[in-house]
Amino acid sequence: MRWELAEVYESPHGQVRWDSFGEGETVVLMHGTPFSSFVWRDVANALSARYRVYLWDMPGYGGSAKFEGQDVSLAAQQEVFTGWLRHCGLNEPSVIAHDFGGAVSLRSALLDGVRYRRLALLDAVSVRPWGSGFFRLVNANAEVFAALPPHLHESLVRGYLTTAAHRELRPDVLDRMVAPWLGEDGQPAFYRQIAQADERYTREVEDRYGDLDCPVLVGWGENDTWLPADRARELARRIPHARLEWIPQAGHLVQEDNPARVTALVMEFLAS
């Protein structure tokens with residue numbers, strides 16, 4: 001299954017692949033970890049009928065650069081996102097952010113002063129504690145896991161990704177999600193991004209969520225086992241004007257579990 005982003009942005013933390021299509025008001029779609037813009041393909045296609053849709057792969061993810069010593073922390077992704085928006089000339093876009101993308105979008109808004117027309121946070125890394133049990137185990141033992149033989153590493157990544165979804169992932173979709181994490185560059189990159197995950201990056205902004213001055217939607221998979229429902233309620237509580245919506249028959253990877261509901265929810269939010 002092909003998914004390629006045609007444009008290039010040379011960021012301070014490595015080359016970023018991005019693309020845009022459609023016409024209308026600007027909507028930026030942000031992926032999380034350990035995913036890429038690929039997870040947005042169905043939603044992006046539907047949104048492009050009414051909007052100009054922008055997608056990007058964070059440094060260290062998808063088709064973007066991966067290299068030894070790379071800074072792929074939330075602070076680095078914030079710097080890249082803010083810079084990429086300026087590079088593309090995107091002034092006050094609507095942003096739809098999933099997982100780590102939520103934390104990045106929040107940091108850019110609250111620390112860099114980036115303004116959004118609207119902000120949708122879907123199963124967003126935002127309120128501590130975050131990270132599945134496996135994620136925390138790898139975070140504490142990244143060097144050990146990075147030394148796994150390639151075939152065991154691939155099995156581990158496949159197994160881990162399946163736990164993000166409530167429904168069984170199609171084999172071709174799972175293959176495409178796993179592919180960026182294989183090989184000489186991909187395997188160390190997988191453990192690098194987990195090793196650099198640190199809750200201090202959300203702690204720095206959690207007390208300021210109420211300062212967001214744009215309409216905010218908090219959307220959450222009803223069956224999310226990576227970031228349980230109490231995180232959604234707490235995030236919505238900290239953003240007093242936020243609207244909380246549950247996505248049925250969906251785990252953490254809501255775009256794969258229920259793309260129709262996600263698309264409808266986002267479309268309604270953007271038009272409201």
Q | Exceeds 12 heavy-atom contacts within 6.0 angstrom, atom CD of E10 | A |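 More than 12 heavy atoms, drawn from other residues, nucleotides or ligands, come within 6.0 Å of this atom.
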**Q.** N91, CG atom: more than 12 neighbouring heavy atoms under 6.0 Å
**A.**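 Check fails, neighbour count at 12 or below.
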Interatomic distance, [X] atom [atom1] to [Y] atom [atom2] [nearest 0.5 angstrom]:
| X | Y | atom1 | atom2 | result |
| --- | --- | --- | --- | --- |
| L121 | L212 | CG | CG | 8.0 Å |
| F38 | E4 | CZ | CD | 12.5 Å |
| F145 | I194 | CZ | CD1 | 8.5 Å |
| L217 | L244 | CG | CG | 8.5 Å |
| F21 | S48 | CZ | OG | 5.0 Å |
| K66 | Q15 | NZ | CD | 11.0 Å |

Q) Do we get R118 above F269's six-membered ring, with its NZ or CZ under 6.0 Å from the centre and within 45° of the axis? A) yes
Nearest heavy-atom neighbours spanning [X] and [Y]:
| X | Y | result |
| --- | --- | --- |
| C214 | R117 | CB-O, 3.7 Å |
| E256 | V39 | OE2-CA, 3.9 Å |
| W130 | R136 | O-NH2, 3.1 Å |
| G69 | R192 | N-NE, 4.2 Å |
| P259 | D42 | CB-CB, 4.4 Å |
| I96 | V27 | CG1-CG1, 3.8 Å |

Note: [X]-[Y] ion pair, threshold 4.0 Å (strictly below):
| X | Y | result |
| --- | --- | --- |
| R115 | D213 | yes |
| E206 | R128 | yes |
| E25 | R52 | no |
| R243 | E245 | yes |
| D230 | R233 | no |

Going by atom types alone, do [X] and [Y] pair a side-chain donor with an acceptor below 3.5 Å?
| X | Y | answer |
| --- | --- | --- |
| D99 | H31 | no |
| R231 | S126 | no |
| H13 | E79 | yes |
| W84 | S11 | no |
| W3 | S37 | yes |
| Q78 | S108 | no |

Is any side-chain heavy atom of [X] less than 4.5 Å from a side-chain heavy atom of [Y]?
| X | Y | result |
| --- | --- | --- |
| Y201 | S73 | yes |
| V53 | T26 | no |
| T202 | V127 | no |
| L182 | F190 | no |
| D224 | V254 | no |
| L119 | P215 | no |
| D71 | Q196 | yes |
| L227 | W220 | yes |

Q | Partner set under side-chain contact (heavy atoms from CB on, under 4.5 Å) for P149, not counting sequence neighbours | A |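 Per chain and number, P149 pairs via side-chain contact (heavy atoms from CB on, under 4.5 Å) with H151, L152.
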Q: Identify, with sequence neighbours excluded, every residue that meets side-chain contact (heavy atoms from CB on, under 4.5 Å) alongside S64.
A: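 Result, side-chain contact (heavy atoms from CB on, under 4.5 Å) vs S64: V16, R17, D57.
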Quick check against the 3.5 Å criterion: does [X] have a side-chain atom that pairs as donor or acceptor with the backbone of [Y]?
| X | Y | result |
| --- | --- | --- |
| Q77 | P59 | yes |
| R208 | L110 | yes |
| N258 | R261 | yes |
| Q70 | A65 | yes |

Q | ring pair (Phe, Tyr, Trp, His ring centres under 6.0 Å) evaluation trace for Y54 with W40 | A | CA-CA 11 Å; Y54 285 75; W40 284 115; over 10 Å; no
Q: Could you pull out all residues at least two apart from R237 that satisfy salt bridge (charged side-chain N to carboxylate O under 4.0 Å, His left out)?
A: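 Per chain and number, R237 pairs via salt bridge (charged side-chain N to carboxylate O under 4.0 Å, His left out) with E234.
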Q: With sequence neighbours left out, write down each residue that passes salt bridge (charged side-chain N to carboxylate O under 4.0 Å, His left out) with R50, or none if nothing qualifies.
A: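 By the salt bridge (charged side-chain N to carboxylate O under 4.0 Å, His left out) rule, R50 matches no residue at all.
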**Q.** Residue pair R170, L174: steps toward the side-chain contact (heavy atoms from CB on, under 4.5 Å) verdict
**A.** CA-CA 6 Å; R170 285 189 356 229; L174 182 58; over 6 Å; no
**Q.** is_close_aromatic(W56, F81), centroid dist under 6.0 Å
**A.**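 Yes: the rings meet the under 6.0 Å criterion.
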(Q) So that I know where these two stand, are H166 and H252 an aromatic pair - ring centroids less than 6.0 Å apart? (A) no
Q.
Run L253 and H98 through side-chain contact (heavy atoms from CB on, under 4.5 Å) and show every step you take.
A. CA-CA 9 Å; L253 200 52; H98 177 244; 4.1 Å; yes
Q.
Applying ring pair (Phe, Tyr, Trp, His ring centres under 6.0 Å), can you list everything that pairs with H87, at least two apart in sequence or on another chain?
A.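 Checked H87 against ring pair (Phe, Tyr, Trp, His ring centres under 6.0 Å); matches are Y9.
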(Q) Quick check: is V72 connected to V125 through a chain of hydrophobic side chains (ILVMFWY, heavy atoms under 4.5 Å apart)? (A) no
Q: Could you state whether L137 and W226 fall into the same hydrophobic cluster, counting links through intermediate Ile, Leu, Val, Met, Phe, Trp or Tyr residues with side-chain heavy atoms under 4.5 angstrom apart?
A: yes
Q.
Taking side chain to side chain donor-acceptor pair (under 3.5 Å) as the cut-off, I'd like each qualifying pair that reaches into residues 178-191, sequence neighbours left out, listed once.
A.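 Found H153-Y191.
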**Q.** Steps toward side chain to side chain donor-acceptor pair (under 3.5 Å) verdict (D257, Q249)
**A.** CA-CA 7 Å; D257 282 329; Q249 296 300 306; over 6 Å; no
Q. Are Y116 and V114 close enough, and set up right, to give a side-chain contact (heavy atoms from CB on, under 4.5 Å), and what steps lead you there?
A. CA-CA 7 Å; Y116 307 133; V114 174; 3.5 Å; yes
(Q) side-chain contact (heavy atoms from CB on, under 4.5 Å), that's the test. Do V138 and L156 meet it? Break it down for me. (A) CA-CA 11 Å; V138 175; L156 181 151; 5.5 Å; no
Q. Could you walk me through whether R203 and D198 pass the salt bridge (Lys or Arg N to Asp or Glu O under 4.0 Å) check?
A. CA-CA 9 Å; R203 183 172 65 245; D198 192 319; 5.3 Å; no
